[in-house]
Amino acid sequence: MATSTTPAQPSVSRPEWTTIIDPVLQKELEQHVLVTSWDQLLGMVDTVYNWGRRSSLWPLGFGLACCAIEMICTASSRFDIARFGAEVFRGSPRQADVMIVSGTVTKTMMPMIARLYDQMPEPKYVISMGACATGGGPFKEGYNVVSGIDKYLPVDVYVPGCPPTPQALLNGLIMLQKKIDGEKLDVTLPVLGHVRKGNTSWYSENVERDIPVPVLGPDLIDLRLVEVSAERTAQGLIEAREETLAKPAIIAAPKTDAAEAALEAEEAAAAVAKGGKPPKKAKRAVAQPTLVWLGEEGLNALAGRLDAEFGAGTATIIQAGLLIPAEKLVAVAYYLRDRNPIKYDYLASLQSVHYEDCIEVNYQLDSTLDPGKVITLRARTSAVECEGELPTLSSVWRGADFQEREVYDMMGVKFAGHPELKRILMWDGFAYWPLRKDYLEPYYEGPTKVFDSRVEEGFGRHFRSEELNPHGTNMKIPKDYKDWDKLSSGDDTKGKTLMPTGVDISELDTDQFIVSMGPQHPSTHGVFRMNLRVDGETIVGLKPVMGYMHRNHEKIGERNTYLMNFPFTDRLDYLTSMGNNFGYALAVEQLMGDEAKVPERAEYIRVIMAELTRVASHMWSIGFLLNDLGAFFTPALYAIEERELILDLFEWAAGSRMMCNYYRFGGVAFDLPKGWIERCRGVVNDRLDGKIDELDRYLTANEIVLDRCRGVGVITREEAINYSTAGPVLRASGVNYDIRRAAPYGIYDRFNFDVITAEHGDVYDRYLVRLREMRESVKILKQAVADIPDGPILPGKKSYQIKVPAGEAYSRVENPKGELGYYVVSDGSPTAYRYHVRSPSFINLTALERMCLGYTVADVVGILGSLDIVLGEVDR
Amino acid sequence: MNLGQGLIIGHWVTLRRFLLTFWRDIKDGKGLHRRGGGTQILDFWSGRMPRGQEPTVRQDSTTEGLFTVEYPDERLPVYERFRVLPMLVYDTEDGNVRCTSCNICAKVCPPQCIWMTQAKGPKGNVVPLPEEFFIDMDVCMNCGMCSEYCPFDAIKMDHNFELSNYERHQTHIFDLQDLLVSSEFYAQTHPEAWETAEQITERGKVSKKKDQRLQKALAASKPAAPASSQPAASKA
């Protein structure tokens, strides 16, 4: 700036100067004097002004998905975003300068993001963090994903990566600072008549940078494009395109062994009659609901008992599951829960499959008194869209509540008698039933990956999915949709149908009112929303509103080959990717049988990784529980220090801090690198105990923690079971139920550890269970790192072609959040026919209202913190 | 009465931590040095290493506490398996692109972010080289499957995470020229993998096999096939 950049001009007279200066003198001046023109002077002001602004960028405290975790880590002690003056994460958009869009932008969330952006004052900046926010990322093909935040907001800096590491985010922040450094303001100096045009879009009078809030109609509709959308929809372009595409296969529902055999014989006879050979018998997996279950004899006896009780034909055994006619379902459920010798008091999971001839809803049941005796119930109903109806079982097992709503949302099956049958992940008014096999998404390309366009002649060039869709964006609207003019930005389509009814509290003479908390709220652990009805401060009704992070994991999972799905499971509960991998590997290994027998060393590695994950996740959970109780960030910083060292271990072995993608069918992806196990021993033996003791010392007897947590959010033992809660939530209510003991998987039966339980079922006990569980995990880790043998890590040669026999499997692992289950139906093809995730975070939320009634709003935050939900897993 | 004690204890815990950081600095003589090995505490004007050579800071189980790594002047060590975006390796000695466009990376790519076409000779015969190769980094999930299952050691995961920019529609689609790196570069970033016995023998086998196939293709189609000679290295 000190030297001039405009040499050798013939005239040096300046309009603002009256005296004409000798050109030589002018040159001399410009060499030694900093400021020789108004522009230069203003430039210096700009410099100071920009320096001030760029060094105090206040981000909006707003996290969407996995990337948000890395964003929080960026603010933690190791990376310390405070060095850039950006540590002041504001809860309110009105105080924020920069919006870090950290994670997948879903259609359900998009109106909220637009609203937040509009509420931020100028000047405002947007950092698009991660592949998802930038362009849809791996979830781009999903039906509920906005493929790039730049479709709605002006983005200043893109930070690629999935997820970007904290250092990468800092790099993005530096880029934004550089951008701010180059900004010039519009300046008018009235006295001197000097006008300078700046380069900032926001600093002029008539600028309108607000964006219209998009509307959740039959799909997410951008109001700026509503006419074009209406026109293209009326032309039926989407339907026309879909007719040219290959559709997903749809198979017949499994039959009884006898019927199956008869059918096969018939087919063989038909083939022989035509003069061909009888078709080869397809390989089938062993029929079992899950690895540890009741067993064939027990199931036969149970079917007999049911037939005796409710008349012949009540229970038909199909592929080791009991098919129950819909009209007898409720009676059978009550019988199993209350009168059967093994009391099936725990509904582990519930999911639906769309077959050719029916939609099947199946229920995995277990008994907390006599664990490990899992059975599957099947109930079937019409496969025609919106015609299927089954009786609700939410009166028998309350845990069925949200899961039935999910089945309704995804398949369109109605549940008669359900207290509140509304869409749960999508919004009421969404035009389709997305998990039905006949639903094709807006960016649909083919029934299974690999898409032809990628590898064969295809297009021969790169294209964006947007080019496929007639709307040019991830949108699909039925041709006959007419209500275009009724769309309004003010509608809260997602939340308005879920208003808590509540009960009166007579002694408080106040009016009740409704508070919508979330989805952008610092203490909802992501984009979770609760509609609260409060009477004064007291909660009298609560309805969770979710789906703001619904990124179509299951639909995409049904197009992925089995191997491809591993990295997607990482992104379910992004704090515990190793545990998610474990569960998924087990599900497919169950189908593969002996072909995927895990070698000894790999078994140890799997346990070590899973337990390290548990410690890291519980540390995070405890730290952020304190956050929710009001001790903002300091306890969390202390708690997640050790997590960083564990993440280092993951990065070293698997290549990524969070998205490990480390397990493979029959083993793990790579052997441990040299020196890994030594450092792991160092962390496990020398550090973790001390750190857990530190947390224990600071928190367990802390009077504030005691005061805020004891007796708050109580759920009794019976309720905890009935609501299908899992993991620390269930155990804190005194139920000794841990999958590692109840239905051992891997080599957990070899380790010496205790299942931690507590009695009161309040927030404090849930904290305590987590703390003590970490000690047990360290105990397991110490045994595992001492005993780990040498040897291979995979049963055979590594191959990307995985052959999975037809059949169905349900795997269960004890993840830090609770029972994580994967339900997989295979038809023998390279992709799963049906893929469902039993998500502990989602199902634990069923009990949230029960826990919160009668407490205050401030307690709700703590109770939610004690449930330890992760939105990637809640909404999938 | 111990009312309010918890509050005082809480403050004491953080205060002690705060003071301890100074004490440790003095004790270790680190007060005037960066942890990563910089010379002075005020190295704003001098002593900064050029980009890419910043000191790395190790933190392991013996580290007391967990101190701040002052990115961008210091960095965390990059582990060899660390993965960001894929890159394509060509051999430094002969300039041959290792990729034979066998499509396996595209077949295992979970979000389907790889597009490629195989090179064709003038007579329409197949040449084992990629004609075009695109990776859309707005779709890539950095999972590393492509490099894990590549039979020719051709696609590897890059370590460069400093990819932030202001624009996405032109710059976020990496084509062949953006993706190519030399085997020398790969050997630098992945020294352990480069030195393993399997990779050395594999390299021998692969180059032989590729050479044969290439010769065959060349023989079938004179003049020579495109893209085989001297690819411009964007990152080497």
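Computed from a prediction, not measured in an experiment: that's the story for all the values here. Chain letters run A, B, ... following the sequence lines, proteins first and then strands; every chain starts at 1.
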For Q167(A) and R75(B): C-alpha separation, side-chain torsions, deciding distance, then whether side-chain contact (heavy atoms from CB on, under 4.5 Å) applies. CA-CA 8 Å; Q167(A) 292 189 348; R75(B) 272 123 207 277; 4.1 Å; yes
Let's test your reading of the structure: which of [options] forms the most heavy-atom pairs below 4.5 Å with chain A?
{"options": "L76(B), V78(B), I135(B), I114(B)", "answer": "L76(B)"}
{"options": "F82(B), F161(B), Y71(B)", "answer": "Y71(B)"}
{"options": "N165(B), V69(B), L163(B), I104(B)", "answer": "N165(B)"}
{"options": "V84(B), V13(B), V108(B)", "answer": "V13(B)"}
{"options": "C140(B), A106(B), S101(B), C105(B)", "answer": "A106(B)"}
{"options": "Q118(B), H172(B), M157(B), E80(B)", "answer": "H172(B)"}

Roughly how far apart are [X] [atom1] and [Y] [atom2], rounded to 0.5 Å?
{"X": "R17(B)", "Y": "L637(A)", "atom1": "CZ", "atom2": "CG", "value": "9.5 Å"}
{"X": "L170(A)", "Y": "E70(B)", "atom1": "CG", "atom2": "CD", "value": "11.5 Å"}
{"X": "E167(B)", "Y": "Y158(A)", "atom1": "CD", "atom2": "OH", "value": "7.0 Å"}
{"X": "C109(B)", "Y": "Y800(A)", "atom1": "SG", "atom2": "OH", "value": "13.5 Å"}
{"X": "M175(A)", "Y": "Y166(B)", "atom1": "CE", "atom2": "OH", "value": "4.0 Å"}
{"X": "R559(A)", "Y": "Q112(B)", "atom1": "CZ", "atom2": "CD", "value": "10.0 Å"}

Main chain of [Y], side chain of [X]: is a donor-acceptor contact present, judged purely on distance under 3.5 Å?
{"X": "K798(A)", "Y": "Y149(B)", "result": "no"}
{"X": "D80(A)", "Y": "T68(B)", "result": "no"}
{"X": "R464(A)", "Y": "H169(B)", "result": "yes"}
{"X": "N142(B)", "Y": "C162(A)", "result": "yes"}
{"X": "R83(B)", "Y": "A654(A)", "result": "yes"}

Among T634(A), V157(A), L688(A), which residue forms the greatest number of heavy-atom pairs with chain B at distances under 4.5 Å?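 Highest number of pairs under 4.5 Å: V157(A).
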Heavy-atom pair with the smallest gap, counting every atom of [X] and [Y]:
{"X": "I174(A)", "Y": "P72(B)", "answer": "CD1-CG, 3.8 Å"}
{"X": "A131(A)", "Y": "M137(B)", "answer": "CB-O, 4.0 Å"}
{"X": "R81(B)", "Y": "A653(A)", "answer": "NH1-O, 2.6 Å"}
{"X": "G148(A)", "Y": "R168(B)", "answer": "CA-NH2, 4.2 Å"}

Is chain A contacted by the side chain of L85(B), its backbone, both, or neither, given a heavy-atom distance below 4.5 Å?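 For L85(B), no heavy atom lies under 4.5 Å from chain A.
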Verify side chain to side chain donor-acceptor pair (under 3.5 Å) between N171(A) and S164(B), making sure each step is shown before the conclusion. CA-CA 7 Å; N171(A) 183 251; S164(B) 316; 3.0 Å; yes
